[in-house]
Every structure is written in C-alpha cells, then in structure tokens.
Amino acid sequence: KRTFLSRLYTPELTLYSAPAHLFAHYARVANAAAAYEHAARIAHLCLNLTDEHFDGLRLPDEMAPWAKLFPAFNQQRDRGFAFAVVCSNLQPWGDGRDVREWLDAALLASGLPDAATVMTQALAAMSSDMQGRKDFPFDVTEDYMLELGIEVAKSRAGNPLFGPSYSLRALGLVPPAVDAEGELIEWPRSKFDFSRFDPEQMVTLDFSLEGYVRNLLKGCR
C-alpha cells in the first residue's frame, strides 16, 4: 500500500496527480483509480474547448476568491482553469450515477455545452485548421498530425480512455516514442507514416527550441 500511495505523491507526476487530487476533492472520490479515470474525462473535454467556449464560462460562488483573476484566465483561454471550474461544479460522485449525465450537469453549470457538443465543435475547429498549402517545410508534418488528431478525437468521442492497443485497433497505428536513452520505439504492426513525420527530427527541433528559450530567458535576466 505504501508503494502504491508513493506513486500518487511522486513529484515528477505532479502534472497528472494535481488535477486528479483537485477532482477527488470536489467529487468526494477516495478511490485513486476512479479519480484518475474521471479526471481524465474532464481534462480531455477541457483540452478540447474552443476559444469561443470561454465566452460563456461562469465562475462558481465557491471560487469567488479568484474573481479578480477570472477575466485574465478567460482571456488567456486557460484550459487548466476551466478544469478547476468544471470540477468545482461537480456533484459528489456515487456508484450508480450515469457518468455522462453527471459530467454534463457540471459542464452546463459552468456555462459550457454538454460533452457531445464540446467534441462536435472541437472536431469542426480542427477540420477548419487543416492546411491546403505546402510552402513551409513542416506543413506536411502539421497536416499529418492534424489528420491523426481528428481521427483520434472521433474515436475518443465515445470513450476518452484511449491507449496504444485501442489506437492500433481504431486507427491501425500507434505513434512512435523515444525512450530515456534517445532510442526510437516503434509499435509492431503500426502503419505510422515516417515519411510525413520524422520523430528524431522533431525531438531535435524541440530540444533546440528549449535551449533557445532558456538562453533567451537567461539573457533577459
């Protein structure tokens, strides 16, 4: 039990554990597995909010101390803040509840559409972002990522718990990964198109950009 609980409080996993703890607090959920599952559903919806959704976002009474900062969070289209707002509008979770109705009630109380509408509008926004031009070196890569993103979003509309095995069944591919040693990991039987996305090149560019930003901040200081 101690080993299991230590994973919930590992500093390196704060990006995931902090939202799960926030969710568990508002929904009165003590089961860690259930907290992560439901928090993932809400996070998936919040990450797919379009900019227009924030125009209707309402601050609940319980978050009144944030009132002065609320306009700035909204202007920045802060998805993390939207997650906190939705969680604060959740009714306590109980076995036997219909998950979709429970989440939709919190979304509507937050001034947002129901989950199905959020995903429908997100797909429409993603489709409008598809590029027709090919005048920049990474337009082909961006188009490929958008194509895959739309297919993943469609597959996750009914079930946001999307893993490698499900991806292989639904899309016929799993994106490659890079391990701690920098070695490329390819999923067996995956039809990922490496001619349209070079993982090693992307990792190199990401590392270069991180170094550029770090040097820029150091110079500014």
Side-chain angles (χ1 to χ4, degrees), residues 4 8 13-67 69-71 73-74 76-129 148-171:
F4 176 74
L8 300 181
L13 298 179
T14 304
L15 180 67
Y16 307 99
S17 59
H21 278 287
L22 179 72
F23 162 82
H25 166 74
Y26 282 114
R28 304 292 187 265
V29 173
N31 183 290
Y36 270 87
E37 179 179 342
H38 294 316
R41 292 178 185 275
I42 299 173
H44 175 245
L45 290 168
C46 290
L47 289 171
N48 278 285
L49 293 175
T50 65
D51 288 348
E52 289 73 21
H53 287 142
F54 284 84
D55 295 334
L57 192 65
R58 293 195 298 267
L59 191 71
D61 293 339
E62 191 166 339
M63 296 184 72
W66 296 86
L69 297 176
F70 182 61
F73 280 121
N74 251 15
Q76 293 175 17
R77 306 317 198 200
D78 192 303
R79 271 69 181 176
F81 189 75
F83 177 87
V85 170
V86 173
C87 285
S88 69
N89 279 313
L90 286 168
Q91 293 296 315
W93 170 254
D95 293 336
R97 274 188 179 275
D98 183 285
V99 177
R100 293 190 181 185
E101 291 181 1
W102 177 61
L103 291 179
D104 283 346
L107 289 167
L108 294 173
S110 303
L112 299 170
D114 59 54
T117 303
V118 168
M119 291 310 303
T120 298
Q121 293 173 345
L123 286 168
M126 292 172 70
S127 298
S128 69
D129 285 341
L148 294 183
I150 289 174
E151 293 306 313
V152 168
K154 289 178 180 177
S155 299
R156 293 184 70 176
N159 179 17
L161 306 180
F162 191 90
S165 298
Y166 188 91
S167 178
L168 195 62
R169 293 196 305 272
L171 308 180

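- Residues that satisfy the salt bridge (Lys or Arg N to Asp or Glu O under 4.0 Å) test with D98, not counting sequence neighbours, are absent from this structure.
- Not one N or O on the side chain of W102 forms a donor-acceptor pair closer than 3.5 Å with the backbone of L90.
- Two residues are said to be in side-chain contact when any heavy atoms from C-beta on lie closer than 4.5 Å; L107 and P113 fail this criterion.
- With contacts defined as side-chain heavy-atom distances shorter than 4.5 Å, the pair Q121/E52 does not qualify.
- For the pair S155 and A170, the tightest heavy-atom approach, listed with the atom from each and the gap, is OG-CB, 3.8 Å.
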(message) Let's go through F83 and L22 carefully: what are the C-alpha distance in whole Å and the side-chain angles of both, what is the deciding distance for side-chain contact (heavy atoms from CB on, under 4.5 Å) to 0.1 Å, and is it a yes or a no?
(response) CA-CA 9 Å; F83 177 87; L22 179 72; 3.9 Å; yes
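- Inter-residue side-chain proximity for L69 and F81 is flagged as unmet; no heavy-atom pair is nearer than 4.5 Å.
- When all heavy atoms of S88 and E62 are compared, the closest pair comes out as O-OE1, 4.3 Å.
- With sequence neighbours left out, the side-chain contact (heavy atoms from CB on, under 4.5 Å) criterion links N74 to F54, L57, F70.
- Among residue pairs with one or both ends in residues 115-125, none qualify as salt bridge (charged side-chain N to carboxylate O under 4.0 Å, His left out); sequence neighbours excluded.
- Partners of D61 by salt bridge (Lys or Arg N to Asp or Glu O under 4.0 Å), not counting sequence neighbours: none found.
- The OG1 atom of T50 lies 8.5 Å from the CG atom of D55; values are rounded to the nearest 0.5 Å.
- In this structure Q76 satisfies the side-chain hydrogen bond (donor to acceptor under 3.5 Å, both in side chains) test with no other residue, sequence neighbours excluded.
- Evaluation of the salt bridge (charged side-chain N to carboxylate O under 4.0 Å, His left out) test over residues 113-125, restricted to residues two or more places apart or in two chains, returns none.
- Contacts of I150 classified as side-chain contact (heavy atoms from CB on, under 4.5 Å), with partners at least two apart in sequence or in another chain: L123, M126, S127, M130, K154.
- Partners of R79 according to the salt bridge (Lys or Arg N to Asp or Glu O under 4.0 Å) rule, which considers only residues two or more places apart in sequence or in another chain, are D51.
- With sequence neighbours excluded, no residue forms a side-chain contact (heavy atoms from CB on, under 4.5 Å) with L108.
- A side chain to side chain donor-acceptor pair (under 3.5 Å) check over residues 25-39, counting only residues at least two apart or in different chains, returns the pairs E37-R41.
- In this structure T120 satisfies the side-chain contact (heavy atoms from CB on, under 4.5 Å) test with no other residue, sequence neighbours excluded.
- Contact between A67 and L59 at its shortest, heavy atoms only, is CA-CD2, 3.6 Å.
- Considering only residues two or more places apart in sequence or on other chains, N89 meets the side-chain hydrogen bond (donor to acceptor under 3.5 Å, both in side chains) condition with S110.
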